[in-house]
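Heavy-atom basis, side chains included; hydrogens, waters and symmetry copies ignored.
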Amino acid sequence: MDFKDSYLDFLDKLICNNTTNFDTDNKQTKSVFTFLTIIHMNPNQALWEKGDFTQIAATMRGSGEQLVSKLGISKGLRVLDLGCGDGTTAIPEARLGAQVLGVDIAENLVKAGNARANKEGLTNCIFQQGDATGLTDLKDDSFDMVVSIFGAMFAPKPFDVAGEMVRVTRPGGKIIMGNWIPGDPTLVAQILKISSAYTPPPPEGFISPMLWGVEANVAERFTEAGIRKENISFTKETFAFDAPYKPAKLVEVFRNYYGPTMNAFEAAKKNNKSQELQQELESLFSRQNISKAADRTLINANFLKVSVVK
(Lines give C-alpha, C1' and ligand atoms only; values in the text may rest on other atoms or scores of the structure.)
Protein backbone atom coordinates (compact mmCIF):
# COMPACT_ATOMS: atom_id res chain seq x y z
CA MET A 1 0.00 0.00 0.00
CA ASP A 2 1.53 3.34 -1.02
CA PHE A 3 1.51 6.52 1.09
CA LYS A 4 -1.60 8.02 -0.51
CA ASP A 5 -3.55 4.76 -0.24
CA SER A 6 -2.50 4.42 3.40
CA TYR A 7 -3.89 7.87 4.14
CA LEU A 8 -7.15 7.26 2.28
CA ASP A 9 -7.62 3.91 4.00
CA PHE A 10 -7.08 5.53 7.39
CA LEU A 11 -9.51 8.34 6.60
CA ASP A 12 -12.14 5.81 5.51
CA LYS A 13 -11.85 4.12 8.91
CA LEU A 14 -11.91 7.44 10.72
CA ILE A 15 -15.06 8.71 9.03
CA CYS A 16 -17.04 5.51 8.60
CA ASN A 17 -16.62 4.71 12.29
CA ASN A 18 -17.55 8.28 13.22
CA THR A 19 -14.44 8.80 15.33
CA THR A 20 -11.97 11.65 15.37
CA ASN A 21 -9.51 11.08 18.24
CA PHE A 22 -6.22 9.38 17.49
CA ASP A 23 -3.90 6.95 19.19
CA THR A 24 -0.63 8.77 18.50
CA ASP A 25 1.43 5.66 19.29
CA ASN A 26 -0.20 3.77 16.43
CA LYS A 27 2.28 3.32 13.53
CA GLN A 28 -0.35 3.93 10.86
CA THR A 29 -1.61 7.02 12.67
CA LYS A 30 1.91 8.46 12.82
CA SER A 31 2.46 7.95 9.09
CA VAL A 32 -0.83 9.61 8.27
CA PHE A 33 -0.13 12.59 10.49
CA THR A 34 3.24 12.97 8.79
CA PHE A 35 1.45 13.08 5.46
CA LEU A 36 -1.13 15.53 6.79
CA THR A 37 1.59 17.78 8.15
CA ILE A 38 3.31 17.83 4.79
CA ILE A 39 0.22 18.98 2.96
CA HIS A 40 -1.03 21.18 5.83
CA MET A 41 -4.31 19.30 6.11
CA ASN A 42 -6.37 19.04 9.30
CA PRO A 43 -7.94 15.55 9.23
CA ASN A 44 -11.18 16.77 10.81
CA GLN A 45 -11.33 19.53 8.21
CA ALA A 46 -10.80 16.94 5.47
CA LEU A 47 -13.70 14.91 6.85
CA TRP A 48 -16.21 17.78 6.65
CA GLU A 49 -14.92 19.26 3.39
CA LYS A 50 -15.07 15.90 1.62
CA GLY A 51 -18.64 16.34 0.40
CA ASP A 52 -21.11 19.21 0.47
CA PHE A 53 -22.91 19.22 3.80
CA THR A 54 -25.13 22.09 2.64
CA GLN A 55 -27.12 19.45 0.72
CA ILE A 56 -27.91 17.67 3.99
CA ALA A 57 -28.39 20.89 5.93
CA ALA A 58 -31.10 21.95 3.49
CA THR A 59 -33.28 19.18 4.94
CA MET A 60 -32.67 20.38 8.52
CA ARG A 61 -33.70 24.04 8.30
CA GLY A 62 -37.14 23.74 9.86
CA SER A 63 -35.95 21.94 12.98
CA GLY A 64 -33.03 24.35 13.29
CA GLU A 65 -35.44 27.28 13.42
CA GLN A 66 -37.69 25.53 15.93
CA LEU A 67 -34.78 24.71 18.23
CA VAL A 68 -33.48 28.28 18.15
CA SER A 69 -36.94 29.70 18.89
CA LYS A 70 -36.84 27.98 22.31
CA LEU A 71 -33.40 29.24 23.39
CA GLY A 72 -34.51 32.63 24.70
CA ILE A 73 -32.43 34.58 22.21
CA SER A 74 -33.02 38.32 22.23
CA LYS A 75 -31.72 41.32 20.32
CA GLY A 76 -28.07 42.09 21.00
CA LEU A 77 -27.28 38.74 22.64
CA ARG A 78 -23.71 37.68 21.83
CA VAL A 79 -23.87 34.15 20.44
CA LEU A 80 -21.11 31.82 19.30
CA ASP A 81 -22.43 29.06 17.05
CA LEU A 82 -19.70 26.42 17.10
CA GLY A 83 -19.50 23.81 14.36
CA CYS A 84 -22.07 25.96 12.64
CA GLY A 85 -22.01 24.46 9.15
CA ASP A 86 -23.68 26.87 6.75
CA GLY A 87 -25.91 28.31 9.45
CA THR A 88 -28.75 25.93 10.24
CA THR A 89 -29.00 27.51 13.69
CA ALA A 90 -26.74 30.56 13.28
CA ILE A 91 -28.97 32.21 10.66
CA PRO A 92 -32.16 31.86 12.77
CA GLU A 93 -30.26 33.24 15.77
CA ALA A 94 -29.30 36.31 13.75
CA ARG A 95 -32.86 36.76 12.50
CA LEU A 96 -33.89 37.12 16.15
CA GLY A 97 -31.42 39.99 16.53
CA ALA A 98 -28.47 38.26 18.17
CA GLN A 99 -24.90 39.21 17.31
CA VAL A 100 -23.76 35.87 15.92
CA LEU A 101 -20.33 34.51 15.17
CA GLY A 102 -20.39 31.16 13.39
CA VAL A 103 -17.22 29.08 13.59
CA ASP A 104 -16.62 25.90 11.58
CA ILE A 105 -13.58 23.84 10.62
CA ALA A 106 -14.68 23.50 6.98
CA GLU A 107 -13.83 26.40 4.66
CA ASN A 108 -16.56 25.52 2.17
CA LEU A 109 -19.23 25.68 4.87
CA VAL A 110 -17.92 29.00 6.19
CA LYS A 111 -18.13 30.40 2.67
CA ALA A 112 -21.66 29.05 2.23
CA GLY A 113 -22.74 30.49 5.59
CA ASN A 114 -21.47 33.96 4.76
CA ALA A 115 -23.25 33.77 1.41
CA ARG A 116 -26.53 32.93 3.15
CA ALA A 117 -26.11 35.76 5.68
CA ASN A 118 -25.25 38.25 2.93
CA LYS A 119 -28.22 37.18 0.86
CA GLU A 120 -30.55 37.89 3.79
CA GLY A 121 -28.80 41.13 4.70
CA LEU A 122 -27.84 39.83 8.14
CA THR A 123 -24.95 42.12 8.99
CA ASN A 124 -25.12 40.78 12.56
CA CYS A 125 -23.99 37.32 11.47
CA ILE A 126 -20.42 36.47 10.47
CA PHE A 127 -18.90 33.06 9.73
CA GLN A 128 -15.21 32.27 10.12
CA GLN A 129 -13.03 29.20 10.10
CA GLY A 130 -11.87 27.84 13.42
CA ASP A 131 -11.17 24.72 15.43
CA ALA A 132 -13.37 23.87 18.42
CA THR A 133 -10.38 22.37 20.22
CA GLY A 134 -8.58 25.72 20.28
CA LEU A 135 -10.52 28.95 19.77
CA THR A 136 -7.29 30.93 20.00
CA ASP A 137 -8.62 34.19 18.55
CA LEU A 138 -11.64 34.38 20.87
CA LYS A 139 -11.33 36.10 24.24
CA ASP A 140 -12.39 34.73 27.60
CA ASP A 141 -15.98 35.46 28.73
CA SER A 142 -16.87 37.03 25.38
CA PHE A 143 -20.24 35.37 24.63
CA ASP A 144 -23.59 35.29 26.38
CA MET A 145 -24.40 31.96 24.78
CA VAL A 146 -22.52 29.22 22.96
CA VAL A 147 -24.61 26.97 20.73
CA SER A 148 -23.36 23.80 19.06
CA ILE A 149 -25.87 21.55 17.36
CA PHE A 150 -24.27 18.39 15.94
CA GLY A 151 -21.09 20.41 15.51
CA ALA A 152 -18.48 20.49 18.26
CA MET A 153 -19.29 16.88 19.12
CA PHE A 154 -17.32 15.83 16.03
CA ALA A 155 -14.13 17.67 16.98
CA PRO A 156 -11.27 15.67 18.50
CA LYS A 157 -10.09 16.16 22.11
CA PRO A 158 -13.53 16.39 23.80
CA PHE A 159 -12.18 17.72 27.09
CA ASP A 160 -10.44 20.55 25.22
CA VAL A 161 -13.67 21.29 23.37
CA ALA A 162 -15.65 21.51 26.61
CA GLY A 163 -12.96 23.70 28.13
CA GLU A 164 -12.98 26.11 25.21
CA MET A 165 -16.77 26.44 25.23
CA VAL A 166 -16.68 27.22 28.94
CA ARG A 167 -13.77 29.64 28.58
CA VAL A 168 -15.42 31.88 25.99
CA THR A 169 -18.79 31.95 27.79
CA ARG A 170 -19.32 34.79 30.25
CA PRO A 171 -20.13 34.01 33.90
CA GLY A 172 -23.86 33.35 34.06
CA GLY A 173 -23.96 32.60 30.34
CA LYS A 174 -25.27 29.42 28.74
CA ILE A 175 -23.92 26.61 26.60
CA ILE A 176 -26.39 24.61 24.50
CA MET A 177 -25.35 21.45 22.70
CA GLY A 178 -27.29 19.04 20.52
CA ASN A 179 -25.59 15.63 20.27
CA TRP A 180 -26.58 12.41 18.54
CA ILE A 181 -27.17 9.46 20.87
CA PRO A 182 -25.23 6.19 20.42
CA GLY A 183 -27.37 3.10 19.94
CA ASP A 184 -30.56 5.11 19.50
CA PRO A 185 -33.15 3.45 17.22
CA THR A 186 -33.68 6.58 15.11
CA LEU A 187 -32.03 7.65 11.88
CA VAL A 188 -28.55 9.00 12.58
CA ALA A 189 -27.45 6.34 15.07
CA GLN A 190 -28.77 3.65 12.75
CA ILE A 191 -26.95 5.10 9.73
CA LEU A 192 -23.72 4.84 11.72
CA LYS A 193 -24.53 1.32 12.91
CA ILE A 194 -25.18 0.10 9.38
CA SER A 195 -22.15 1.87 7.94
CA SER A 196 -19.82 0.47 10.61
CA ALA A 197 -20.69 -3.07 9.53
CA TYR A 198 -19.02 -2.40 6.17
CA THR A 199 -15.81 -0.88 7.52
CA PRO A 200 -12.88 -2.16 9.59
CA PRO A 201 -12.90 -1.26 13.29
CA PRO A 202 -11.06 1.95 14.19
CA PRO A 203 -7.56 1.76 15.67
CA GLU A 204 -7.31 1.31 19.42
CA GLY A 205 -7.47 4.62 21.26
CA PHE A 206 -10.13 6.30 19.14
CA ILE A 207 -12.87 8.12 21.05
CA SER A 208 -16.26 8.20 19.35
CA PRO A 209 -17.93 11.60 18.96
CA MET A 210 -21.16 9.75 19.81
CA LEU A 211 -20.03 9.69 23.45
CA TRP A 212 -21.20 13.31 23.54
CA GLY A 213 -24.65 11.71 23.52
CA VAL A 214 -24.03 9.96 26.85
CA GLU A 215 -24.97 12.06 29.88
CA ALA A 216 -22.20 10.77 32.14
CA ASN A 217 -19.51 11.59 29.58
CA VAL A 218 -20.88 15.08 28.99
CA ALA A 219 -21.06 15.79 32.72
CA GLU A 220 -17.48 14.60 33.21
CA ARG A 221 -16.20 16.86 30.45
CA PHE A 222 -17.91 19.98 31.68
CA THR A 223 -17.16 19.43 35.37
CA GLU A 224 -13.50 19.01 34.40
CA ALA A 225 -13.83 22.45 32.77
CA GLY A 226 -15.05 23.96 36.05
CA ILE A 227 -18.84 23.67 35.75
CA ARG A 228 -20.77 22.50 38.79
CA LYS A 229 -22.70 19.30 38.13
CA GLU A 230 -26.00 20.90 39.19
CA ASN A 231 -25.55 23.46 36.40
CA ILE A 232 -25.67 20.75 33.73
CA SER A 233 -29.02 19.42 32.55
CA PHE A 234 -30.24 17.10 29.82
CA THR A 235 -33.36 16.48 27.75
CA LYS A 236 -33.99 14.13 24.86
CA GLU A 237 -35.47 15.89 21.84
CA THR A 238 -36.03 15.22 18.14
CA PHE A 239 -34.64 16.83 15.00
CA ALA A 240 -36.32 16.30 11.64
CA PHE A 241 -34.85 15.67 8.22
CA ASP A 242 -37.46 17.07 5.84
CA ALA A 243 -36.83 16.65 2.11
CA PRO A 244 -39.10 17.32 -0.90
CA TYR A 245 -38.35 13.96 -2.48
CA LYS A 246 -38.54 10.22 -1.82
CA PRO A 247 -36.44 8.36 0.80
CA ALA A 248 -34.31 6.71 -1.88
CA LYS A 249 -33.30 10.13 -3.16
CA LEU A 250 -32.33 11.20 0.36
CA VAL A 251 -30.08 8.16 0.59
CA GLU A 252 -28.44 9.31 -2.64
CA VAL A 253 -27.93 12.78 -1.18
CA PHE A 254 -26.17 11.28 1.83
CA ARG A 255 -24.14 9.00 -0.43
CA ASN A 256 -23.00 11.80 -2.74
CA TYR A 257 -22.59 14.76 -0.36
CA TYR A 258 -22.15 13.65 3.28
CA GLY A 259 -18.52 12.87 4.04
CA PRO A 260 -19.07 9.99 6.50
CA THR A 261 -21.54 8.21 4.22
CA MET A 262 -19.38 8.84 1.15
CA ASN A 263 -16.51 7.09 2.88
CA ALA A 264 -18.72 4.25 4.04
CA PHE A 265 -19.61 3.56 0.42
CA GLU A 266 -15.97 3.78 -0.61
CA ALA A 267 -15.10 1.20 2.05
CA ALA A 268 -17.99 -1.03 0.97
CA LYS A 269 -16.93 -0.80 -2.67
CA LYS A 270 -13.55 -2.32 -1.83
CA ASN A 271 -15.40 -5.44 -0.70
CA ASN A 272 -17.96 -5.37 -3.52
CA LYS A 273 -20.74 -4.58 -1.04
CA SER A 274 -21.89 -1.15 -2.20
CA GLN A 275 -25.26 -2.48 -3.32
CA GLU A 276 -25.86 -4.18 0.02
CA LEU A 277 -25.11 -0.94 1.86
CA GLN A 278 -27.38 0.97 -0.50
CA GLN A 279 -30.24 -1.47 0.10
CA GLU A 280 -29.84 -1.39 3.88
CA LEU A 281 -29.89 2.40 3.96
CA GLU A 282 -32.87 2.63 1.59
CA SER A 283 -34.75 0.19 3.81
CA LEU A 284 -33.86 2.21 6.92
CA PHE A 285 -34.92 5.53 5.39
CA SER A 286 -38.18 4.07 4.08
CA ARG A 287 -39.09 2.48 7.42
CA GLN A 288 -38.45 5.67 9.35
CA ASN A 289 -40.18 8.01 6.90
CA ILE A 290 -43.38 9.33 8.49
CA SER A 291 -44.49 11.48 5.57
CA LYS A 292 -47.79 10.50 3.94
CA ALA A 293 -46.89 12.27 0.71
CA ALA A 294 -45.25 10.21 -2.03
CA ASP A 295 -42.81 12.98 -2.95
CA ARG A 296 -41.67 13.92 0.54
CA THR A 297 -39.42 12.38 3.18
CA LEU A 298 -39.83 13.32 6.85
CA ILE A 299 -37.70 11.45 9.37
CA ASN A 300 -37.22 12.30 13.04
CA ALA A 301 -33.95 11.60 14.83
CA ASN A 302 -33.48 11.70 18.59
CA PHE A 303 -30.72 13.77 20.13
CA LEU A 304 -29.47 14.73 23.57
CA LYS A 305 -29.91 18.44 24.32
CA VAL A 306 -27.32 19.63 26.82
CA SER A 307 -27.83 22.85 28.79
CA VAL A 308 -24.97 24.31 30.81
CA VAL A 309 -24.90 27.45 32.96
CA LYS A 310 -21.48 28.85 33.69
We want to know whether [X] and [Y] form a side-chain donor-acceptor pair, criterion being a heavy-atom distance below 3.5 angstrom.
X    : Y    : value
Q55  : Y258 : no
R61  : T88  : yes
Q288 : Q190 : no

What's the spacing between [X] [atom1] and [Y] [atom2] if we round to 0.5 Å?
X    : Y    : atom1 : atom2 : value
K174 : N231 : NZ    : CG    : 11.5 Å
N302 : T186 : CG    : OG1   : 4.0 Å
S195 : L277 : OG    : CG    : 5.5 Å
E164 : D140 : CD    : CG    : 8.5 Å
I232 : M177 : CD1   : CE    : 11.5 Å
N300 : F239 : CG    : CZ    : 10.5 Å

Within a 6.0 Å radius of atom [atom1] on [X], are there more than 12 heavy atoms belonging to other residues, nucleotides or ligands?
X    : atom1 : value
L298 : CG    : yes
K305 : NZ    : yes
E224 : CD    : no

query = Can you check ring pair (Phe, Tyr, Trp, His ring centres under 6.0 Å) on F154 and W212, steps first, answer last?
reply = CA-CA 9 Å; F154 289 104; W212 275 108; over 10 Å; no

task = Evaluate the criterion salt bridge (charged side-chain N to carboxylate O under 4.0 Å, His left out) for residue pair K310 and D141; output intermediate values, then yes/no.
result = CA-CA 10 Å; K310 181 176 177 179; D141 307 331; 2.8 Å; yes

task = Just do the ring pair (Phe, Tyr, Trp, His ring centres under 6.0 Å) check on F150 and F303 with the steps written out, would you?
result = CA-CA 9 Å; F150 321 129; F303 71 94; 5.4 Å; yes

Verdict with reasoning, E93 to D81, per side chain to side chain contact (heavy atoms under 4.5 Å, CB included) = CA-CA 9 Å; E93 291 156 5; D81 199 302; 3.0 Å; yes

query = In terms of ring plane angle, is the pair W180 and F241 parallel, tilted or perpendicular, where the classes change at 30° and 60°?
reply = parallel

Salt-bridge present ([X], [Y]; N to O < 4.0 Å):
X    : Y    : result
K50  : E266 : yes
D104 : K111 : no
D295 : K246 : no

query = Are R255 and F265 in a cation-pi contact, defined as NZ or CZ under 6.0 Å from the six-membered ring centre and within 45° of the axis?
reply =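 Output yes; distance and angle both within limits.
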
